[in-house]
Structures are given as C-alpha cells and as structure tokens.
Protein chains: 2
Amino acid sequence: MRYEDLADLPCSITRPLVILGDRWTLLVLKASFAGVRRFNEFQSALGISRSRLQDRLGRLVEHGILDRRQAADGAHVEYRLTRKGHDIYPILMAIRDWGDAYMAPDGPPARYRHRDCTGEAHVQLTCEACGTEVTAHDITPEPGPGILSHLGRPGAELGQ
Amino acid sequence: MRYEDLADLPCSITRPLVILGDRWTLLVLKASFAGVRRFNEFQSALGISRSRLQDRLGRLVEHGILDRRQAADGAHVEYRLTRKGHDIYPILMAIRDWGDAYMAPDGPPARYRHRDCTGEAHVQLTCEACGTEVTAHDITPEPGPGILSHLGRPGAELGQ
DNA sequence: CGGAGTGGTCTCGTTTTGGAACTGCCGGGG
DNA sequence: CCCCGGCAGTTCCAAAACGAGACCACTCCG
C-alpha cells in the first residue's frame with residue numbers, strides 16, 4: 001500500500017495527516033503564522049532545502065491552505081494563509097502545549113498571549129454539551145454520517 | 001542542516017514535530033488511542049511496513065510516549081500509551097476537527113462523544129485569563145523563560 | 001547595459017522508505 | 001519430545017524522498 005492511498009480512508013485524522021504529516025509541512029505553516037510570506041524568507045527561517053520548500057509550498061497551495069500571489073510591487077511572490085490554512089492554528093497550539101509540558105525543561109520558550117487581555121492561550125478539549133474539559137479516557141468514538149459511503153469499499157478494513 | 005538538528009531550537013512547536021512530524025508516527029498513535037497494542041495489529045490496521053513500524057514504535061518508546069512490556073500471558077508484547085503519550089490526544093483531536101471541517105464532504109466519518117453525556121468533544125483555543133475563544137489573529141507571541149539559555153547559541157537565528 | 005535580488009529548476013550523492021523474505025522465540029498439540 | 005503456527009523483530013534491495021549547491025529566467029534599479 002502506498003502512503004498516499006491513506007487519504008481515501010474515511011477518517012478525519014488520517015486524511016489531514018497525509019497532507020500535513022510529513023517532515024516539513026507543519027513547520028512551513030508555523031512560519032506562515034509567524035508572518036513569513038516570501039520564498040527566501042521561509043528558506044532562511046527553516047533551513048529547508050530550496051527544492052523541498054518548493055515542493056511543500058506547491059502542495060499547500062494545491063490544497064488551498066496557502067494562497068500564492070504576486071505582491072503589490074510586482075517584484076516578488078507572496079504565500080499567505082487562506083481561511084482553511086488559518087484554521088490549522090489550533091493544531092499547532094495543541095502541539096505547542098504538549099511541547100511546553102514535556103520538551104521545555106527551562107520553561108516555555110515563548111508565551112502566546114491574547115492581545116486584548118495579555119492572558120495566555122491554551123488548547124482545551126471540551127464537551128460541547130456539558131462544557132467540561134475531557135481527556136482521551138472520556139471519549140467514545142462512534143460512526144458518523146461520512147462513513148456510510150465507504151462501507152462496502154475495498155480497503156475499508158483499514159483504519160477504524 | 002539536518003532535520004533532526006531542529007530539535008535543538010528553543011521552540012515548543014518545532015521540538016515535538018521532530019519526533020511526531022513524520023510519515024507514520026501520528027498514525028501509530030492514533031491507532032494506540034483506538035486500543036491497538038500489538039505489533040501485528042498495528043501493522044494490519046495501518047498498512048505500514050514491518051521495518052518502518054519497528055522503527056516508529058522504538059522511537060516512541062525511546063521518547064517515553066509508548067511503554068513496551070510483556071503481556072500478562074507472556075506470549076506477546078504490548079505497546080501502551082504512557083501519561084506523556086496520553087496527553088497527545090488533543091493534538092489528534094485538533095487534526096480531526098480540521099479534517100471534519102475541510103476534508104469530510106459527506107460529514108464526519110466518526111463522532112467522538114463524551115461518555116458521560118454523549119455530547120461531542122471539540123478542541124478550543126481559549127484565553128486562560130478572560131476565557132474567550134481566540135484565533136490566530138488574537139495571539140501575540142512573546143519570549144518566555146525557556147529562550148534565555150539559547151540566546152547566544154549558534155543557530156539561534158532560526159525559528160522565530 | 002550591468003548588477004543585485006527574486007522565485008524556481010537541475011543534478012548528484014545520501015538517506016529514508018516499502019515490500020517481502022527471513023530469523024528466533026514461545027506455547028500448544030500430538 | 002518434536003513439530004507447527006503465531007508472534008516480534010531483522011535483513012536485504014529497489015525505489016522514493018531528501019540536502020546541498022550550481023544554475024536559470026525574470027524584474028527592478030541605477
């Protein structure tokens with residue numbers, strides 16, 4: 001089985017991971033959220049090779065996560081987050097919370113503050129019905145509507 | 001620069017990504033949360049090659065995310081999530097929320113319900129001071145204590 | 001025109017990956 | 001006891017992904 005075929009599985013964790021879950025993609029997006037927009041800027045900020053960066057940016061544009069456009073002065077190109085790309089932020093913040101908890105022995109390298117009140121922002125997994133914060137132990141997955149069209153398909157035994 | 005050297009940067013997004021951000025690692029963890037514990041079970045659930053699975057499991061054990069132990073019957077090996085591994089769940093749920101929003105045209109393939117009240121669980125990025133939900137636009141990163149020890153180091157220009 | 005800066009491409013040697021065959025271990029049944 | 005099947009883990013090789021650097025085409029600016 002090829003890795004890309006996983007994108008056909010009816011799983012909302014697997015499908016994004018086929019796009020985002022490789023060596024550089026989420027780091028490129030992290031730079032995007034930090035305000036990086038230009039090719040050379042990405043390259044020097046991340047230390048990624050040019051050909052790899054080209055590949056990753058192209059893939060993100062292809063999936064509608066970044067938008068590639070000529071800048072106002074016409075002299076260079078800009079890669080900017082789309083709405084879809086902007087909504088990836090909670091994923092990066094969830095990673096950061098875990099990194100702060102387990103990989104930052106000297107304390108958090110950065111604080112991510114709410115601009116309005118200077119409080120720190122954190123990710124919470126909450127139940128939309130009762131509002132309490134939940135963990136993996138409190139969750140039971142069950143089939144949803146999106147799985148119906150996949151029931152009799154080949155490969156349906158993979159994933160959950 | 002080698003990819004693994006990124007782990008030295010003082011950034012709580014970059015450091016976890018060096019461990020978790022490759023082709024299979026988060027999918028292995030997704031299977032773990034779904035109750036998969038045995039080598040062959042991981043392999044048939046994911047379609048990953050045996051050598052790759054061996055590498056990924058070993059790396060996760062090495063980082064204290066999974067615990068490798070002999071099962072009670074002594075006949076086989078089990079890989080179970082540690083506390084550190086268990087805390088990765090919000091990352092997967094953030095990915096799922098995004099996947100449900102943008103990669104599930106037929107609706108969510110699965111619902112993740114709160115066992116106590118059957119409400120659905122979702123990830124929120126909230127300000128711990130004022131309690132409101134925030135997005136990337138509302139956040140201003142600033143230096144934290146963990147960055148001090150890295151100020152004069154080589155490579156400090158990378159990251160943000 | 002010439003030089004600097006841009007995004008992007010090409011090539012080459014290295015590393016990572018996928019697939020499948022193979023090993024060694026253990027328990028159960030004859 | 002021996003054989004067999006299932007298990008985790010290893011080894012091998014071809015293919016794909018990768019890093020580094022040279023190279024190209026274009027645009028602005030003087």
Side-chain angles (χ1 to χ4, degrees), chain A residues 1-9 14 17-28 31-32 35-62 66-80 155 158-159, chain B residues 1-9 14 17-28 31-32 35-62 66-80 155 157-158:
Chain A
M1 139 167 291
R2 290 201 333 281
Y3 182 77
E4 284 201 354
D5 297 339
L6 292 172
D8 299 332
L9 295 177
T14 304
L17 279 177
V18 172
I19 301 173
L20 306 174
D22 60 29
R23 260 173 125 89
W24 287 106
T25 302
L26 282 172
L27 289 171
V28 168
S32 271
V36 173
R37 291 181 184 170
R38 293 164 62 163
F39 188 90
N40 286 348
E41 206 181 348
F42 279 105
Q43 210 229 326
S44 58
L46 297 173
I48 185 177
S49 72
R50 300 180 68 78
S51 45
R52 220 44 45 201
L53 177 59
Q54 185 63 18
D55 176 82
R56 294 298 186 267
L57 288 172
R59 208 178 285 260
L60 288 170
V61 169
E62 199 175 291
L66 293 180
D67 180 37
R68 180 188 187 280
R69 62 174 72 162
Q70 214 67 25
D73 64 1
H76 68 270
V77 174
E78 282 188 352
Y79 293 91
R80 311 180 71 136
L158 289 184
Chain B
M1 139 166 291
R2 289 203 333 283
Y3 182 78
E4 284 202 353
D5 297 338
L6 291 172
D8 299 332
L9 294 177
T14 304
L17 279 178
V18 173
I19 302 173
L20 306 174
D22 60 29
R23 255 170 128 89
W24 288 104
T25 303
L26 283 172
L27 289 170
V28 168
S32 270
V36 172
R37 292 181 184 170
R38 292 163 63 161
F39 188 92
N40 285 351
E41 205 181 348
F42 278 106
Q43 210 231 327
S44 57
L46 297 173
I48 184 178
S49 71
R50 300 182 70 77
S51 46
R52 220 44 43 204
L53 176 58
Q54 186 62 20
D55 175 83
R56 294 297 186 267
L57 288 172
R59 207 179 285 259
L60 287 170
V61 169
E62 200 174 289
L66 293 180
D67 181 38
R68 180 188 186 281
R69 61 174 73 161
Q70 213 69 23
D73 63 1
H76 66 271
V77 174
E78 282 188 351
Y79 294 91
R80 311 181 71 138
E157 71 283 355
L158 291 183

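Quick note on labels: first sequence line is chain A, next is B, and so on, each numbered from 1. These figures come from a predicted structure and were not determined experimentally.
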Short side-chain N/O contact from A:Tyr79 to OP1 or OP2 of C:dT6, under 4.0 Å: no

Side chain to side chain, A:Tyr79 and A:Arg68, heavy atoms closer than 4.5 Å: yes

A:Glu4 atom CD, neighbour heavy-atom count above 12 within 6.0 Å: no

Minimum-distance nucleotide to A:Asn40 side chain [options: C:dT6, D:dC18, C:dG8]: C:dT6

Minimum side-chain heavy-atom gap A:Ile48-A:Phe42 below 4.5 Å: no

Toward the 5' end of DNA chain D, by each residue's nearest nucleotide, A:Asp55 or B:Leu57: B:Leu57

Minimum heavy-atom distance A:Thr25-A:Leu20, with the two atoms named: CB-O, 3.7 Å

Integer-rounded Å distance: C:dA20 P and B:Gln43 CD: 10 Å

Set of residues satisfying salt bridge (Lys or Arg N to Asp or Glu O under 4.0 Å) with respect to B:Arg38, sequence neighbours excluded: none

Atom-to-atom span, CZ of B:Arg52 to C1' of D:dG9 - whole angstrom: 13 Å

Closest to the B:Trp24 side chain, choosing from D:dA8, D:dC18, C:dG18: C:dG18

Per A:His76 side chain, nearest of listed nucleotides C:dG8, D:dC7, C:dT6: C:dT6

Check against side chain to side chain contact (heavy atoms under 4.5 Å, CB included), A:Val77 and A:Arg69: CA-CA 6 Å; A:Val77 174; A:Arg69 62 174 72 162; over 6 Å; no

Stepwise side chain to side chain contact (heavy atoms under 4.5 Å, CB included) test for A:Val36 and A:Leu46: CA-CA 10 Å; A:Val36 173; A:Leu46 297 173; over 6 Å; no

B:Arg38 side chain, from C-beta outward: closest of C:dT16, D:dA8, C:dG8: D:dA8

Heavy-atom side-chain proximity of B:Leu6 to B:Leu17 below 4.5 angstrom: no

Rounded distance in Å - CG (A:Asp22) to P (D:dA16): 17 Å

Out of C:dG7, C:dT17, D:dA20, whichever nucleotide has its closest atom nearest the side chain of A:Ser49: D:dA20

A:Phe39 CZ to C:dG5 C1', straight-line distance once rounded to whole Å: 14 Å

Whole-Å distance separating the CZ atom of B:Arg23 from the P atom of D:dA16: 11 Å

Check residues 50-59 of chain A and write down every donor-acceptor pair under 3.5 Å in which the side-chain atom is one partner and the other belongs to a residue at least two apart or another chain.
unit_1, atom_1, unit_2, atom_2, d
A:Arg50, NH1, A:Asn40, OD1, 3.4
A:Arg50, NH1, A:Gln43, OE1, 3.0
A:Arg56, NE, A:Asp22, OD1, 3.3

Residues which pass salt bridge (Lys or Arg N to Asp or Glu O under 4.0 Å) with B:Glu78, listed by chain and number, not counting sequence neighbours: B:Arg80

Short side-chain N/O contact to C:dT17 OP1/OP2 from B:Arg56, under 4.0 Å: yes

Length of the line joining A:Phe42:CZ and C:dG7:P, which is rounded to integer Å: 10 Å

Heavy-atom protein contacts under 4.0 Å, nucleotides 21-30 of chain D, coded B base, S sugar-phosphate only, - none: -B-----S--

Bend angle of the helix from C:dC1-D:dG30 to C:dG30-D:dC1, end axes from five pairs each (to 10°): 0°

Short side-chain N/O contact from A:Tyr3 to OP1 or OP2 of C:dG19, under 4.0 Å: no

Distance test, side-chain N/O of B:Gln54 to OP1/OP2 of D:dA8, below 4.0 Å: no

Value in whole Å for how far the P atom of D:dA16 lies from CG of A:Asp5: 14 Å

Atom-pair distance (CG on A:Leu53; P on D:dA17), nearest Å: 17 Å

